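Basis for what follows: all heavy atoms, side chains included, without hydrogens, waters or symmetry-related copies. Numbering starts at 1 and runs along the sequence shown. The shown structure was predicted, so the numbers you read here are calculated from the model rather than taken from an experiment.
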Amino acid sequence: MIDHLGHGQSARGHEGYRVVDYARATADFLRKELADQTLTMMGHSLGAMVALSRPSVP
């Protein structure tokens, strides 16, 4: 489970509270932790918007 910036136990920042920011952070995390594994994402409320988002990540 991912704890997005400013939610749950994560720190609060000054930036990065748009859906695309959460999606980018999630994609970065998944690339690092799961590498080439196939996965299914799902979420509720904001998590659903993040799961459906396709950020342009370099």
Side-chain angles (χ1 to χ4, degrees):
M1 194 166 9
I2 297 173
D3 184 10
H4 290 293
L5 180 66
H7 293 80
Q9 300 297 314
S10 67
R12 296 204 179 270
H14 298 290
E15 298 179 13
Y17 292 96
R18 299 175 302 158
V19 171
V20 68
D21 298 321
Y22 292 129
R24 188 172 291 118
T26 300
D28 290 344
F29 171 81
L30 293 173
R31 270 192 206 93
K32 179 182 174 192
E33 296 298 320
L34 301 177
D36 295 327
Q37 295 181 37
T38 300
L39 62 104
T40 300
M41 289 182 63
M42 56 184 147
H44 176 265
S45 192
L46 174 62
M49 290 189 289
V50 171
L52 291 171
S53 191
R54 294 197 178 262
S56 56
V57 180

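- Partners of M49 under the side chain to side chain contact (heavy atoms under 4.5 Å, CB included) rule, at least two apart in sequence or in another chain, are V19, L46.
- Applying the side chain to side chain contact (heavy atoms under 4.5 Å, CB included) criterion to L52, with sequence neighbours excluded, gives no partner residue.
- Atom-to-atom distance recorded for R31:CZ and T26:OG1 is 10.5 Å, nearest 0.5 angstrom.
- The shortest side-chain heavy-atom distance between Q37 and L39 does not fall under the 4.5 Å cut-off.
- Here ring pair (Phe, Tyr, Trp, His ring centres under 6.0 Å) pairs that include residues 28-50, with residues two or more places apart or in two chains, number zero.
- Between A51 and M41, the closest heavy-atom pair is CA-CE, 3.7 Å.
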